[in-house]
Amino acid sequence: MNDIQLQNIRAEFPILQEKIYNKELIYFDNGATTQKPKCVIDRITFGYEHLNANIHRGVHYLSQKATEAHEDARTVVANFLGAKTREEIIFTRGTTEAINLIAFSFGEAFCTEGDEVIVSELEHHANIVPWQMLCERKKMKLRVIPINENGELDVDAYKSLLNEKTKIVAIAHVSNVLGTINPVKEIIQIAHQQNVPVLVDGAQAVPHIKVDVVELDADFYVFSGHKIYGPTGIGALYGKAKWLNQIPPYQGGGEMIATVSFEKTTYNELPFKFEAGTPDYIGSTALAEALKYVEMIGLDQIAEHEHSLLTYCTERLINEIEGIRIIGTAKEKSAVISFLVGNIHPYDIGMLLDKLGIAVRTGHHCAQPLIDSLGIPGTVRASFALYNTKSEIDVFVDALKKVVGMLG
Ligand code: PMP
């Protein structure tokens, strides 16, 4: 990506013009949420100004148009993930809701006492707690794949955890703390040798890596719109039809039914069986806009740009910040840098960087078991997106030097 392209991209994100404490905003908290381009913001306004009516039920013009837009958005998501059919895409509130849906519905259909679920040590709470709740409900056991000192999954340990009691494996594609890109294709192949399905938490992957669910052979793949330049409150679950057809609905209500009587209710077909109530049809269409925007720029180009930021920033930090410790040094790594400096508490670094207009995240990043296993109080995390620049990294590194000087 050349400088002109990058400046053009930045100009499409209105918030990047904001001043924070009278300083240029440097937004390095993209792992938590990304900023929105004008086309996404405009699509939300357009929806409410021109296409707002409740979908699926109406015979009138606006309802039909809004329904079409929502269903077109489903097709965009299906194509984006490489799904075979659009019915395999369920709109959810995001990654968290999608994982809860599968943990509940898959658990109801396929799990009983004594069964096991495998997750890994580097999961976000969203890919731990729903499985723990399932384990409690069904008296099952949660098994955990350990990681090595670089923050990479121990694949041999994973193989030895898989057994005839394993009902499902749930694994992050990319770690939100360490940046590790997990070998999900291999993880899936290994599970499938024992007929065990795999859910992939793609929250930190889809904004950075081209994903093809068919190529991966993922059984379930989930992500959040807000982490890929889309709106909050909308995300998607991809599930192979063969699984989605076998598991019960997650929530009951309007839309997900075929017929209702007080004696018996029958359920709607895919994907509606899993979309109870009025869906976020404004959010879905704005999400589709975000995905089209990403595709227009090209994930290969985005990945290359972010990787150059990752390399540049990592080198500068290692060479110039005394006492820095990078947490997460996997060979395959996404543009996330978690770090600690000496004994300084991450929160103090984050607070002072904020005063200089630099937004980073500090703490356990919703991955407390991982942070505990590393024996650290948390990290400072800088996570990059397509609109970040090397000159922002220069300002950041200089600011960090100042902050460390003050606190050290
Ligand atoms: N998984 C991972 C790897 C994440 O980074 C996040 C968000 N930080 C989530 C799940 C949860 O996403 P959401 O809050 O959008 O549901």
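Values in this document were obtained by computation on a predicted structure and should not be read as measured data. In each ligand, atom 1 is the first atom listed, and ligand 1 is the first ligand listed.
- The 4.0 Å heavy-atom shell around ligand 1 contains residues Thr95, Thr96, His124, Ala126, Asn176, Asp201, Ala203, Gln204, Ser224, His226, Lys227, ordered by chain and number.
- Taking CD1 from Ile257 and OG1 from Thr265, the interatomic distance works out to 7.5 Å, rounded to the nearest 0.5 Å.
- A distance of 10.0 Å separates CZ of Phe28 from CG of Leu353, quoted to the nearest 0.5 Å.
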query = Going through the distances and angles, do Glu215 and Lys185 end up as a side chain to side chain contact (heavy atoms under 4.5 Å, CB included)?
reply = CA-CA 8 Å; Glu215 212 246 326; Lys185 192 168 175 180; 2.9 Å; yes
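- Panel note: side chain Thr96, backbone Ala126; no donor-acceptor pair is recorded below 3.5 Å.
- For Lys141, the NZ atom counts as loosely surrounded, since its 6.0 Å shell holds 12 or fewer non-hydrogen atoms of other residues, nucleotides or ligands.
- Each of Asp201, Thr95, Thr34, Thr92 was scored for a side-chain hydrogen bond (donor to acceptor under 3.5 Å, both in side chains) with Ser224, with one residue passing: Thr95.
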